[in-house]
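To keep things clear, I will list the structure first and then write my remarks on it.
Reckoned from all heavy atoms, side chains included, excluding hydrogens, waters and symmetry mates. Sequence lines set the chain letters: A, B, ... in the order given, protein chains first and strands last, and positions in each chain run from 1.
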Amino acid sequence: MDLVTWNINSVRAREDRLVHWLDHFQPDVLCLQETKVVDEAFPRARCEALGYHVSHYGQKAYNGVAILSRSEPEDVVCGFDDGQPEDEQSRLIGARIDGVRIVSAYFPNGGRMGSDKYAYKLGWMKRLRAMLDARFDPAAPLALCGDYNVAPFPDDVANPDVYEGSVLANDDVRGALADIADFGLVDVFRPFHPRGHVWSWWDYRAGSFQRDEGLRIDHVFCTAPLAERVIGASVDRPEREGTGASDHAPVRVRFAQRAPTSPLWPPQAP
DNA sequence: ATGGTAGACGCTCTA
């Protein structure tokens, strides 16, 4: 199974790029964030023409998440759906695809430290952990894919002077991420890039991509029965090049049908 | 200098 997560930063501005990318890579599942359109405005027909089912939970101007899949999605759930008043922002969609629970998540950015947006981010992450506890089983295959807006380690940050201590990289937000992972999820990307310094997002400003000053904030965290099947993970850097690119690159993960005899995860000592 | 750029919306917000 080829699984990809990509913050596309407006599906309207990047419709042609999306269609060409899908046609070229043909992943089994593509999770999108920041589509920035209502459901009716998603380019559904062009995706379906390429053989994809589209599950989209959008809103006007901001946010918006989607799951595109070659197999028909089952049990599609939008938002937290946890019995509390729903989050007004469209940041979560989930579906079961080929027996695997897929979640496409757009974590709040958090604005500035100490802001209302930052408090919303921490609350949102707590609520996500509670939702996982209430609905899912860590012993069943699940992939939490998306723009987490958190760089897990210092070496996931190119420019620590600017970003360490920010809403994307500080002890509290890393603690909130660790609490989510404590449900029973592991970062399946990092073991393939143990020295870090692999980025998934580069600020549009100050020539960050040209200087290769980015952060790794887009992730695929999986429960053990899925994590033991991972056989590769990479960032599609070329998609970030040139004009008209999203500020995020797609993050790709490949899973074997069954767990390999010598698992790549967790990494084996030499 | 609360900077720089990009997208959506409509002159301001979000990232």
Starting at [atom1] of [X] and ending at [atom2] of [N], how long is that distance when rounded to a whole Å?
{"X": "Trp201(A)", "N": "dG7(B)", "atom1": "CH2", "atom2": "P", "value": "15 Å"}
{"X": "Glu213(A)", "N": "dT5(B)", "atom1": "CD", "atom2": "C1'", "value": "15 Å"}
{"X": "Tyr148(A)", "N": "dA15(B)", "atom1": "OH", "atom2": "P", "value": "19 Å"}
{"X": "Asp203(A)", "N": "dA15(B)", "atom1": "CG", "atom2": "P", "value": "13 Å"}
{"X": "Ile8(A)", "N": "dA8(B)", "atom1": "CD1", "atom2": "C1'", "value": "15 Å"}
{"X": "Gln59(A)", "N": "dT14(B)", "atom1": "CD", "atom2": "C1'", "value": "12 Å"}
{"X": "Asn9(A)", "N": "dA6(B)", "atom1": "CG", "atom2": "P", "value": "11 Å"}
{"X": "Gln89(A)", "N": "dT14(B)", "atom1": "CD", "atom2": "C1'", "value": "10 Å"}

If the [atom1] atom of [N] is compared with that of [M], how far apart are they to the nearest Å?
{"N": "dA15(B)", "M": "dC9(B)", "atom1": "P", "answer": "15 Å"}
{"N": "dA1(B)", "M": "dG10(B)", "atom1": "C1'", "answer": "27 Å"}
{"N": "dA6(B)", "M": "dC11(B)", "atom1": "P", "answer": "22 Å"}

Pull out every protein N or O sitting under 3.5 Å from an N or O of nucleotides 9-13 of chain B, one pair per line with the distance.
residue, atom, partner, partner atom, Å
dC13(B), O2, Tyr62(A), OH, 3.2

Tell me the salt bridge (charged side-chain N to carboxylate O under 4.0 Å, His left out) pairs involving [range], sequence neighbours left out?
{"range": "residues 241-257 of chain A", "answer": "Asp2(A)-Arg254(A)"}
{"range": "residues 98-109 of chain A", "answer": "Asp75(A)-Arg101(A)"}
{"range": "residues 104-128 of chain A", "answer": "Asp82(A)-Arg127(A)"}

Check your understanding: Reckon Arg14(A) has a side-chain N or O less than 4.0 Å from the OP1 or OP2 of dA6(B)?
Key ->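 Looking at the OP1 and OP2 atoms of dA6(B), neither is under 4.0 Å from any side-chain N or O of Arg14(A).
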
Check your understanding: Taking C-beta and beyond as the side chain, do Phe255(A) and Val253(A) meet within less than 4.5 Å on heavy atoms?
Key ->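 Side-chain contact under 4.5 Å: yes.
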
**Study point:** Side-chain touch Pro152(A)/Leu177(A), heavy atoms, less than 4.5 angstrom
**Key:**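 Side chain of Pro152(A) against side chain of Leu177(A), heavy atoms only: contact under 4.5 Å found.
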
Review point. Using a cut-off of 4.0 Å on non-hydrogen atoms, how would the nucleic acid contact of Arg240(A) be classed: base, sugar-phosphate, or nothing?
Key: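 Touches nothing.
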
Practice item. Describe the nucleic acid contact of Tyr106(A) in one word from base, sugar-phosphate, nothing, applying a heavy-atom distance below 4.0 Å. Key: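 Sugar-phosphate, no base atom in range.
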
Review point. Got a salt bridge between Glu88(A) and Lys60(A), using NZ or NE/NH1/NH2 to carboxylate O under 4.0 Å?
Key: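 No, no charged N to carboxylate O under 4.0 Å.
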
Practice item. Report the residue (Ser10(A) or Glu34(A)) whose heavy-atom-nearest nucleotide on DNA chain B is the more 5′ of the two. Key: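 Its nucleotide being nearer the 5' end, the pick is Ser10(A).
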
Check nucleotides 2-4 of chain B against the protein and report each pair of N or O atoms closer than 3.5 Å, with its distance, or say if there are none.
residue, atom, partner, partner atom, Å
dG4(B), O6, Arg205(A), NH1, 3.3

Point to revise | Non-neighbouring partners of Phe209(A) that pass ring pair (Phe, Tyr, Trp, His ring centres under 6.0 Å), sequence neighbours left out | key: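 Once residues adjacent in sequence are excluded, the partners of Phe209(A) under the ring pair (Phe, Tyr, Trp, His ring centres under 6.0 Å) criterion are Trp202(A).
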
Point to revise | Check: Arg190(A) side chain, His193(A) main-chain N or O, donor-acceptor pair, under 3.5 Å | key: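 Yes: the side chain of Arg190(A) pairs with the backbone of His193(A).
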
Check your understanding: Counting heavy atoms not belonging to Arg135(A), are there more than 12 under 6.0 Å from its CZ?
Key ->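 Yes, CZ of Arg135(A) has more than 12 neighbouring heavy atoms, counting only those of other groups under 6.0 Å.
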
Exercise for review: Check Leu215(A), Ile217(A), Asp236(A) against Ser200(A) for a side chain to side chain contact (heavy atoms under 4.5 Å, CB included) and give me the one that passes.
Suggested key: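 Considering Leu215(A), Ile217(A), Asp236(A), a side chain to side chain contact (heavy atoms under 4.5 Å, CB included) with Ser200(A) is found only for Ile217(A).
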
